[in-house]
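Letters go in sequence order (proteins before strands), and every chain restarts at 1.
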2 protein chains.
Amino acid sequence: MSDHAHAFAHAPLPPPANDAASFTITELAQGFNVTPRAIRFYEDNGLIAPERQGQNRVYSRRDRARLAWILRAKNVGFSLAEIREMIDLYDIGDGRVKQRRVTLEKCRNRILALTEQRTDIDATIAELQSFCAVVETQLLEGPH
Amino acid sequence: MSDHAHAFAHAPLPPPANDAASFTITELAQGFNVTPRAIRFYEDNGLIAPERQGQNRVYSRRDRARLAWILRAKNVGFSLAEIREMIDLYDIGDGRVKQRRVTLEKCRNRILALTEQRTDIDATIAELQSFCAVVETQLLEGPH
DNA sequence: TTGACAGTTGACGTTAACGTCAACTATCTC
DNA sequence: GAGATAGTTGACGTTAACGTCAACTGTCAA
């Protein structure tokens with residue numbers, strides 16, 4: 001599966017066991033196993049907005065949690081644009097009713113899509129497992 | 001979530017209820033809700049290899065099943081390159097032992113990644129659901 | 001004060017996965 | 001035989017999500 005496989009070897013996302021109050025960009029990057037470039041890119045797209053000390057970015061624990069959220073959403077297949085929209089949704093507490101109906105429908109659609117996706121994942125896992133079993137058997141039979 | 005959402009509104013993949021023995025490219029495309037262009041693209045990348053009648057492609061039921069497989073893998077987050085490699089893996093019955101060990105490891109890694117992804121999906125679904133609940137409550141309270 | 005670092009902002013390059021023509025071909029219908 | 005219709009092969013365009021590089025800035029230790 002070559003090195004492309006790493007495109008799929010996403011961050012193992014247990015929030016980094018760093019209980020500091022604030023973080024630098026490289027701390028976050030290392031903790032989540034992404035590049036600083038990527039984090040800045042998310043900021044350019046309005047996904048995070050850390051404080052600044054002078055020109056440097058300073059990330060709070062909330063920012064870190066938000067980044068975790070973003071990466072998980074990414075891992076689940078959402079595009080950055082979609083993630084941004086979801087974030088915006090969460091920020092609407094004051095939308096009018098029609099807006100809320102739309103919000104609700106979008107949410108439900110996403111839930112449906114995710115549920116479908118879960119089914120696909122289960123099926124794929126099952127297939128890979130049975131394939132693994134076959135290969136294991138071949139191994140036990142020894143080289144021919 | 002704009003129209004970008006449709007980038008995620010993947011094919012609802014119940015294999016099309018068409019029990020013919022062979023299919024044209026547009027039949028498959030419509031059945032799976034993808035474009036003929038995409039299917040040809042997959043062929044260019046060695047993911048499918050339908051028969052030909054003259055210059056036209058003719059897809060068997062096996063081809064259709066394979067396309068379903070491909071789309072499911074896509075939906076789960078695999079790149080076309082990765083899918084191609086998985087297909088190649090399935091075609092190795094004669095690899096040497098070392099190759100098989102590698103194959104096995106790759107498979108297991110994928111299973112791990114998929115399992116993680118499942119966890120993320122569950123978490124995301126849970127969050128969306130609780131968010132839905134909140135919005136519903138707001139709706140019931142009526143417009144302010 | 002002079003590196004050595006960590007961080008910053010553009011600007012441009014890159015890859016994946018198609019979309020979008022354009023120019024043909026083959027088949028059937030009128 | 002002239003469209004209409006479904007298919008074909010290039011070739012080029014496009015979008016997302018960063019990577020890469022260049023040119024600075026700010027901070028601290030020797």
### Task
Would you kindly give the CG-to-P distance between B:Leu28 and D:dA6, to the nearest whole Å?
16 Å

### Query
Is the shortest distance from a Lys or Arg side-chain nitrogen in A:Arg84 or A:Asp88 to a carboxylate oxygen in the other one below 4.0 Å?
yes

#### Entry: Base versus backbone protein contacts along nucleotides 5-11 of chain C [heavy-atom cut-off under 4.0 Å; B, S, -]
-SSBB-B

### Query
Around atom CZ of A:Arg52, are there more than 12 heavy atoms of other residues, nucleotides or ligands at under 6.0 Å?
yes

### Task
Could you check how far CZ of A:Phe41 sits from P of C:dT14, rounded to whole Å?
17 Å

### Flag, side chain of A:Asp63 to backbone of A:Ser60, donor-acceptor distance under 3.5 Å
yes

### Task
Using atom CD1 of B:Ile39 as one end and atom P of C:dG19 as the other, report the distance to the nearest whole Å.
11 Å

### Task
Could you state the atom-to-atom distance from CZ of B:Arg84 to C1' of C:dA16 in whole Å?
16 Å

### B:Gln53 CD - C:dC28 P separation (whole Å)
12 Å

### Task
May I ask you to say whether A:Lys106 pairs ionically with A:Glu85, meaning some side-chain N is under 4.0 Å from a carboxylate O?
no

### Message
Could you check whether any side-chain N or O of B:Gln53 sits under 3.5 Å from a backbone N or O of B:Val58, counting only pairs where one atom can act as donor and the other as acceptor?
### Response
no

### Message
Does a side-chain N or O of B:Lys74 approach OP1 or OP2 of C:dC18 to a distance below 4.0 Å, or not?
### Response
yes

#### Entry: Distance in angstrom units between A:Phe78 CZ and D:dA16 P, rounded
17 Å

### Query
Which whole-number value in Å describes the distance from A:Asn45 CG to D:dC18 P?
9 Å

### Short N-O contact, A:Glu136 and B:Arg108, less than 4.0 angstrom
yes

### Query
Can you tell me how far C1' of C:dA17 sits from OH of B:Tyr42, to the nearest Å?
8 Å

### Message
With a 4.0 Å limit, can you tell me whether B:Thr35 has a side-chain N or O closer than that to the phosphate oxygens OP1/OP2 of C:dC18?
### Response
no

